[in-house]
Amino acid sequence: MAREVALETIRNIGIMAHIDAGKTTTTERILYYSGRVHRPGDVDDGATQMDYMEQERERGITITSAATFCTWQGHQVNIIDTPGHVDFTAEVERSLRVLDGAVAVFCGVGGVEPQSETVWRQADKYGVPRIAFINKMDRLGADFGRAVQSMVERLGARPVPVTIPVGVEDTFRGVVDLVEMNARIYHEDDLGMTFDTTAIPEETADVAAAARATLVETLGEVDEEIMELFVAEREPTVAQIQAALRRATIAGHLVPVLAGSSLKNKGVQKLLDAVVAYLPSPLDRPAVRGIDQDGETDEVRAPADDEPFSALAFKILVDAFAGRLAFLRVYSGVFEAGKVLLNVNTGKKERIQRLLRMHANKREDLQDARTGDIVAAVGFKLIRTGDTLTALEAPLLLDPMTFADPVIYMAIEPRTKADQDKLVDALQAMSDEDPSFHVRKDPDSGQTVIWGMGELHLEIVIDRLRREHKVSCNTGRPQVAYRETVGRPVVSQAEYSRDAGGRTNFARVELAIGPGAYGTGIAFTNEASPLQVPAEFVPFVESSVRQACDTGVLAGYPLVDVAIRLTGGACEEGQSTEMGFRNAAVNALWDGAKSADPMLLEPVMTVEITVPADFVGDVNGNISARRGRVTGIEPRRDDQVVHAEVPLVEMFGYATQLRSLTQGRGVFSMQLARYEKVPGKIAANITRLYAGA
């Protein structure tokens, strides 16, 4: 079957930004101007296409990434609108893993904000080319130049404006195209659907001329063709500038920047033009690499329909009507609905009954999925986030997806016996959907414990349980996910000898235990000779040690950042067993950890608080009272931005108190910075409570 859309005309992009920068509004305008919808939705009215969950419409924020598509200038643009709140950053992570390009949206007033930095680093991680859209240029305090400069200072990016605003704040009415050197003035009466292309207004001419000169000069620094023209003092053509911008963007050398106001319907068509002109097609991205069936040989799959089929499942969604959906990014080959694929991660065959193209929560059937497509699969048995699906005869394992560990948890229980089974099924479905949401059974109390990335994350989970899954449940207070580590190196030895099943189980294990580098988890190395610990028993020692580290020695929290070396041991022929080495290893670890100055670690958050200048003193005092430290204060127009670091446990209920301190005018955002040692008295209280439980 012939391909309907040429591969070079496909753009797989994500819309990413800090919360409230205007991602969803921008996506709504893209769909409107491209003819995908007849009227753009409004976030404030709860009427957007992309925020279709009840919780999203009530709160006016994006909670889960939503996929859609449109056409523009003969190109198919597949779009994923991602959340901006830090609690849902896993949605951004898995979207950027499969996208070819991204649009970073920044507020014209706030510029680069904390979550903007987080999503930018995520895009850096996957080498995703970006363009930037400075939104809200109609807002009081908007400053295009300052917003662009904040990209340099806070992101280390190299932005280059390709459009600049005509007017600012309440006089903002259009943009100047620095490539074509003309102006576009938008009509208010038809939501910006029509516009006038004019000469550059006189009041903007000097600024536009200087910006154009900077654009060409910057391009010359990174592009050989433009440099040759620059040296020859020849003016590049529009086509030459566009080609050079495309090369520089795809290579990651530059970030084209555009101005606009999505809510006021200005500048979005130029943004779509830039998506088509500067962001890559699947052909422009490196061929996907993976490991073949023997687990050793690297293989490459070129983005072509005649290559063997390969795809990555980057999102699972439980739909009330279609059941479980697996969102797939197709990297190579063609697959027809109803055929069988191999899940390389499980080694199982999966028959995909239907293929769907998604438009938020609406869908249309497809006959096949081809290279570059983003589709949803229905009718499978067991596919999880991060699984690789390939043709049966050509397995290829793609790199797995990784997600941050949750930092907050709470106990949950069903209210009635009838809710018991429903709760188990609902929690399983939600953990399948969200890789940053974990469900565990507390081994001591038998309670079900749910883990998430923040208070809002768990609040949304509980709300969805009650509304979507009709489960009545009781919950405890949110708790902080502490960690444990050791403060000094020790050597610990333990011996195990016990008769069981008519035979002796004997082993002796010696471990050197010490602090590891931050973020390394548990590092295990074997330095014992085969005479001390035979090679066949070493894997049992390692797995037992790692499992034992799940429960710390102070308050039962996981041990992290510990370097463990197996330095010696003893065995006896005919008497040493797996059971013996496992038990000796666990005892050696726990005995050693207890004597290695164990300490509690707590998550510390980077907090950014924006308040009027009159309230800075009160806010700083409150931060100090919460065991926090102010790391800096900077002006932002009429407000002051307080940067601080505060333990997560002290931030519970902060939103309410900040409103009280600032007469409702303060806002804040936070994200995990690192884990730090818990002060002595607080740590003692935590361990005392654990001991008395």
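All values derive from a computational prediction rather than experimental measurement.
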Does any N or O in the side chain of [X] come within less than 3.5 Å of the main-chain N or O of [Y], such that one atom is a donor and the other an acceptor?
X	Y	result
Arg234	Leu229	no
Tyr278	Ala248	no
Thr71	Gly74	no
Asp373	Arg370	yes
Thr171	Gly167	no
Glu180	Asp177	no

Is the count of non-hydrogen atoms from other residues, nucleotides or ligands lying under 6.0 Å from [X] atom [atom1] greater than 12?
X	atom1	result
Asp206	CG	no
Arg121	CZ	yes
Phe403	CZ	yes
Lys270	NZ	yes
Glu203	CD	yes

To the nearest 0.5 Å, what is the distance between [atom1] ([X]) and [atom2] ([Y])?
X	Y	atom1	atom2	value
Leu658	Gln663	CG	CD	12.0 Å
Lys23	Ile15	NZ	CD1	10.0 Å
Met181	Leu215	CE	CG	9.5 Å
Thr118	Glu93	OG1	CD	10.5 Å
Leu271	Leu258	CG	CG	6.0 Å
Thr610	Asp639	OG1	CG	6.5 Å

Would you call [X] and [Y] a salt bridge, taking side-chain N to carboxylate O under 4.0 Å as the test?
X	Y	answer
Arg247	Glu224	no
Glu113	Arg154	no
Asp284	Arg246	yes
Arg139	Glu169	no
Arg146	Glu153	no
Glu676	Arg629	yes
Arg674	Glu645	yes

Full working for side-chain contact (heavy atoms from CB on, under 4.5 Å) between Val109 and Lys136: CA-CA 7 Å; Val109 180; Lys136 303 188 179 183; 5.5 Å; no

Salt bridge (charged side-chain N to carboxylate O under 4.0 Å, His left out) between Lys315 and Glu91, intermediate numbers included: CA-CA 8 Å; Lys315 179 180 173 70; Glu91 292 285 335; 3.2 Å; yes

Taking the side chain as everything from C-beta on, heavy atoms only, tell me whether [X] gets closer than 4.5 Å to [Y].
X	Y	value
Val105	Met16	no
Thr606	Met670	no
Leu661	Phe615	no
Val160	Val255	no
Pro435	Met401	no
Met137	Lys264	no
Ile134	Val257	yes
Asp138	Asp170	no

Check against salt bridge (charged side-chain N to carboxylate O under 4.0 Å, His left out), Lys266 and Glu188: CA-CA 9 Å; Lys266 296 176 178 68; Glu188 300 278 356; 2.8 Å; yes

[X] and [Y]: side-chain donor and acceptor closer than 3.5 Å?
X	Y	result
Thr25	Ser262	no
Gln122	Asp124	no
Asn265	His187	no
Ser332	Ser310	yes
Thr371	Asp305	yes
Thr24	Asp81	yes
Tyr331	Glu307	no
Asp196	Thr198	no

Working for side-chain hydrogen bond (donor to acceptor under 3.5 Å, both in side chains), residues His253 and Asp223: CA-CA 9 Å; His253 297 321; Asp223 188 86; over 6 Å; no

Which heavy atom of [X] sits nearest to which heavy atom of [Y], and what is that distance?
X	Y	result
Phe144	Pro165	CG-CD, 3.7 Å
Ala287	Arg301	CB-O, 3.5 Å
Met358	Ala376	CG-CB, 3.8 Å
Val119	Leu96	O-CD1, 3.9 Å
Pro236	Ile226	CB-CD1, 4.0 Å
Asn12	Gly372	ND2-O, 2.8 Å

Relative to [Y], does [X] satisfy both conditions: NZ or CZ under 6.0 angstrom from the six-membered ring centre, and within 45 degrees of the ring's axis?
X	Y	result
Arg173	Tyr186	no
Arg184	Phe195	yes
Arg357	Phe69	yes
Arg329	Phe327	no

side-chain contact (heavy atoms from CB on, under 4.5 Å) between Val112 and Phe106, worked out: CA-CA 6 Å; Val112 175; Phe106 301 102; 3.9 Å; yes

Geometric class of the Tyr654/Phe668 ring pair [parallel <30°, tilted 30-60°, perpendicular >60°]: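 Ring orientation, 0 to 90° scale: perpendicular.
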
Ile13/Asp100 under side-chain contact (heavy atoms from CB on, under 4.5 Å): CA gap, chis, key distance, verdict: CA-CA 6 Å; Ile13 68 166; Asp100 299 322; over 6 Å; no

